[in-house]
Amino acid sequence: MPTSLPLELLHTIFLQVAESSPSSRRTLCAVSSWVRHIALPLLHKTVFIDSIECLGGFDQLVTRPLACPPSPSFRLADNVRRLWVSPISETLASIVLHCNVTHLAIHPSDLATFFDAPSPNHFERQDPARAGKGDLHVVLLQDHPASPIDGTNPLFGRITHLQLNEPIRPGGWQSISVMPNLTHLAVPCENVVERGLDWIFNIVAGTSVEVFVLSLPDWSFGREWRALERWVRKSRRENEWIYLVCQREIPEVDWCNEIYGGATVWERAAEETQLLMNQDPVEEDAEAERWSRIKPRRVRLRW
């Protein structure tokens with residue numbers, strides 16, 4: 001259907017529609033060649049991979065030239081910015097080295113193998129400027145690596161934000177020492193009342209961490225949450241880089257919310273911590289004392 005709208009306005013309209021949802025981007029790619037030129041880069045900006053088969057196919061797409069590219073200059077790897085990979089695979093290193101990824105959600109075992117010293121061919125094929133610049137936000141989907149990580153890969157220097165989804169136990173995981181530019185670290189807690197939290201200072205000692213977020217799931221015992229609130233309030237008197245946040249049950253929710261423009265876990269932590277610090281200390285301490293006398297009991301969850 002003919003239209004009298006200027007091409008610049010049409011371009012802006014289609015761009016906004018393409019940014020609205022993945023389904024809109026797929027639909028626009030089937031409209032016409034020039035509309036596909038607008039939507040196609042956004043279609044591959046965020047990629048979710050949940051199987052080894054998908055990971056292998058995507059590896060071929062980003063590491064080999066396309067048989068019929070939409071334009072001579074089009075390169076799929078140039079458009080990938082956010083990557084969620086749930087399966088464990090050695091091909092992940094090749095994918096990330098070819099893409100300019102800024103947000104990466106992976107299994108911790110991939111972190112241990114992926115950031116090992118790569119072979120020289122990886123960096124010969126990859127633009128050094130792309131591999132060595134730009135902040136990298138990493139989310140570890142499950143338990144963290146059991147063994148120390150060899151941080152010789154320069155991509156470790158890109159990691160500025162690290163979010164864990166399993167608690168660090170006292171005397172445990174020390175791999176953040178190989179991330180020299182890490183400024184934001186989010187860690188779930190467990191057994192706060194029993195173990196305390198003073199051991200976390202050993203984790204960040206000697207690092208560049210500026211924001212340390214502690215979290216508890218919203219279904220945890222009130223006694224645990226009150227203990228965390230009390231400890232954070234006390235610690236922030238001398239350490240204003242400590243924050244707390246209510247952990248969501250499904251990691252995908254936080255990740256998707258952040259990459260699609262919602263509040264990040266760091267922003268939510270700043271807001272919730274500010275609300276905590278604005279509470280009346282006398283009233284909060286009295287409430288915490290009341291919770292401390294309540295013994296936790298086992299709860300059977302019904303699904």
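Quick caveat: nothing in here was measured; it's all calculated off a predicted structure.
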Indicate if [X] and [Y] have the same hydrophobic cluster label, given that clusters are the connected sets of ILVMFWY residues with side-chain heavy-atom separations under 4.5 angstrom.
X      : Y      : answer
Val139 : Val265 : no
Tyr243 : Leu214 : no
Ile242 : Leu275 : no
Leu216 : Val245 : no
Ile52  : Leu104 : no

Rounded to the nearest 0.5 Å, how far apart are [atom1] of [X] and [atom2] of [Y]?
X      : Y      : atom1 : atom2 : answer
Leu228 : Leu244 : CG    : CG    : 5.0 Å
Gln163 : Leu141 : CD    : CG    : 10.0 Å
Glu271 : Thr273 : CD    : OG1   : 10.0 Å
Phe58  : Ser51  : CZ    : OG    : 12.5 Å
Ser235 : Leu197 : OG    : CG    : 7.5 Å
Gln247 : Cys189 : CD    : SG    : 9.0 Å

Contacts under 3.5 angstrom, residues 203-213 side chains, donor-acceptor by atom type, not counting sequence neighbours:
from: Thr207; atom 1: OG1; to: Val204; atom 2: O; distance (Å): 2.7
from: Thr207; atom 1: OG1; to: Val209; atom 2: N; distance (Å): 3.4
from: Ser208; atom 1: OG; to: Pro180; atom 2: O; distance (Å): 3.0
from: Ser208; atom 1: OG; to: Leu182; atom 2: N; distance (Å): 3.3
from: Ser208; atom 1: OG; to: Leu182; atom 2: O; distance (Å): 2.6

Step-by-step side-chain contact (heavy atoms from CB on, under 4.5 Å) determination, Leu83 to Ile49
CA-CA 8 Å; Leu83 187 60; Ile49 299 176; 4.0 Å; yes

Do you know which two heavy atoms are closest between [X] and [Y], and how far apart they sit?
X      : Y      : answer
Leu55  : Pro87  : CD2-CG, 4.5 Å
Arg75  : Asp78  : NH1-OD1, 2.6 Å
Ala263 : Glu267 : CA-OE1, 3.2 Å
Asn165 : Leu140 : ND2-O, 2.8 Å
Ala77  : His98  : CB-O, 3.4 Å

Are a donor atom and an acceptor atom from the side chains of Trp231 and Asp198 found within less than 3.5 Å of each other?
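There is such a pair between these side chains.
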
Check ion pair Glu229-Arg233 (N to O, under 4.0 angstrom)
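A salt bridge is absent here (no side-chain N lies under 4.0 Å from a carboxylate O).
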
Please tell me if the side chains of [X] and [Y] come closer than 4.5 Å, counting only heavy atoms from C-beta onward.
X      : Y      : result
Thr102 : Asp135 : no
Glu272 : Leu276 : no
Ile38  : Leu28  : no
Thr27  : Ser24  : no
Cys246 : Trp225 : yes

All salt bridge (Lys or Arg N to Asp or Glu O under 4.0 Å) counterparts of Arg81, not counting sequence neighbours:
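For Arg81, no residue satisfies salt bridge (Lys or Arg N to Asp or Glu O under 4.0 Å) once neighbours in sequence are set aside.
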
Chi angles and distances behind the side-chain contact (heavy atoms from CB on, under 4.5 Å) call for His103, Trp255:
CA-CA 9 Å; His103 291 72; Trp255 199 76; 4.2 Å; yes

Could you check whether atom CD of Glu240 has more than 12 heavy atoms from other residues, nucleotides or ligands sitting under 6.0 Å from it?
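At most 12 heavy atoms, drawn from other residues, nucleotides or ligands, come within 6.0 Å of this atom.
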
Working for side-chain contact (heavy atoms from CB on, under 4.5 Å), residues Val31 and Arg36
CA-CA 7 Å; Val31 172; Arg36 181 181 64 178; over 6 Å; no

Determine whether Leu42 and Leu15 satisfy the following criterion, side-chain contact (heavy atoms from CB on, under 4.5 Å), listing intermediate values before the conclusion.
CA-CA 9 Å; Leu42 294 175; Leu15 184 61; 3.8 Å; yes

Please collect all ring-ring contact (aromatic ring centres under 6.0 Å, His included) contacts where either partner lies in residues 6-36, sequence neighbours excluded, each pair once.
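Pairs touching residues 6-36 that pass the test: Phe14-Trp34.
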
[X]: side chain to side chain donor-acceptor pair (under 3.5 Å) partners, not counting sequence neighbours:
X      : value
Arg25  : none
Arg82  : Thr46
Trp266 : none

